[in-house]
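Encoded as C-alpha cells, the structure appears first; notes follow it.
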Amino acid sequence: MLEIQHLTVKYGYHPPSVKDFSLSMKPGEIVSIVGESGSGKTTVIRSLLGALPKGGQVVEGDICFEGESLLGKSDEEWRQLRGKRMSMIFQDSGVMINPIRKIGGQFVEYIRTHEDISKKDAWQKGVIMLEKMCLSNGENIMNSYPFQLSGGMRQRVGIAMAMVFQPKLLLADEPTSALDVTTQAQIVRQMMELKEVHNTGIIIVTHNLGVASYMSDQILVMQSGRIVEMGNQEDVLYNPSHTYTKTLLESVPKMEGKRYV
Ligand SMILES: Nc1ncnc2c1ncn2[C@@H]1O[C@H](COP(=O)(O)OP(=O)(O)OP(=O)(O)O)[C@@H](O)[C@H]1O
Ligand SMILES: [Mg+2]
C-alpha cells in the first residue's frame, strides 16, 4: 500500500532533516514513529502528504502509494489525493478547525470540496461520522462552536473529518498528546476501530511508548533524521538494540519490576 524508499529531506542548505528513511506498509497496518524532538518525525509525515513547509524538499528517494509515485505530483493531483485517499489528524485538531465558525458549516464545506453532494446530504454525512466517533449527539455537535467542545471532543471532530472518506492511509502527528489519559485511550480505540472496520493503514507519531506498543504492528525509532531501530513490539520493546531506544525505555516507570508499556 505504501512503499517509502531511501527518503531524504532537506530544508534549504541545512544538512538533511530526514536521511535514508525506508518503510513498507501493508493495508490496515499500524506503524508508530517515536523519537526525540527534532528527530524528523513530522518531516516524514509531511513529506507523505506533500505538505512540507516552505524550504523543505525531498532530495532523494521515492514514495509509492497504492502503486503510484507521489513525488512530482501537481498541486491539483495532491488536492485530489488528500482528504480522500490519505488524510491527517493534527496534534490539536483545533488548529485545523476554525474557532469562530460552527462545526457544521465547516464540516459541510470540507465534504463538499471533495464530493459533489447537496448541503443537506453533506450535513447528514457529517452527523453520521461524528456519531461513529462516539460523539453521541451529532446534530448538537454540528450546531456547536469549537470552544463549546472539550479538547477530546474537538479531537474526535478532527478524526471524524479525517475519516469521512475512509482513506487508505491516515497520518496522525501526536494526535493524543494534548489530551488526558482517558480521552487518549478513547482516541486510540477509535483509531484501532478504523483499522478493523475500514482496513485503514495508520502512521502515528507519538511520544507515548504505551500507545505505540498497544497499537502498532511496527515501531520505528528515529534519531537525528535516521531510523535507528525498527521492528515489531517484541523486537523494539523487549530486545532493543540501540542505546537510544534503551534510554527511551528506561524513562518509562516500572511497577513491581514490570515495565508497563
Ligand atoms: N520549516 C522548517 N525549516 C527549517 N528547518 C526545519 C523546519 N521544520 C523542521 N526543521 C528541522 O528539521 C528537523 C526535524 O524536525 P521535525 O519537526 O521533523 O522533528 P520532530 O521529530 O517532529 O520533532 P518534535 O517531536 O519536536 O515534533 C529539525 O532539526 C528542525 O530544525
Ligand atoms: Mg513533530
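Every number for a ligand or one of its atoms is a count from 1 in the order of the listing.
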* Can E115 and K125 be said to form a side chain to side chain contact (heavy atoms under 4.5 Å, CB included), step by step? -> CA-CA 11 Å; E115 196 177 355; K125 197 164 183 161; 2.6 Å; yes
* To do: Output yes if T42 passes the N/O/S-under-2.8 Å test against the Mg ion (ligand 2); output no otherwise.
  =>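 It does: T42 brings an N, O or S atom closer than 2.8 Å to the Mg ion (ligand 2).
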* **Min side-chain heavy-atom separation Y145-I103 under 4.5 Å** =>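 A side-chain contact is absent here, since even the closest heavy-atom pair is not under 4.5 Å.
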* Near ligand 1, which residues have a heavy atom under 4.0 Å away from one of its atoms? ->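 Within 4.0 Å of ligand 1, protein side: Y11, S17, E36, S37, G38, S39, G40, K41, T42, T43, P53, E174, H207.
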* How far does CE of M86 sit from CD1 of I203, to the nearest 0.5 angstrom? ->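 One finds 8.0 Å between CE of M86 and CD1 of I203.
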* To do: Begin from the C-alpha positions of L194 and M163 and carry the test side chain to side chain contact (heavy atoms under 4.5 Å, CB included) through to its verdict.
  => CA-CA 8 Å; L194 301 175; M163 286 310 299; 3.2 Å; yes
* Asked: Any side-chain hydrogen bond (donor to acceptor under 3.5 Å, both in side chains) pairs touching residues 37-63, not counting sequence neighbours?
  ->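 Checked against side-chain hydrogen bond (donor to acceptor under 3.5 Å, both in side chains) - neighbours excluded - the pairs reaching residues 37-63 are Y11-T43, T42-D173, D62-S69.
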* In terms of ring plane angle, is the pair F165 and Y110 parallel, tilted or perpendicular, where the classes change at 30° and 60°? ->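 Taking Y110 first and then F165, their aromatic rings sit tilted (interplane angle of 30° to 60°).
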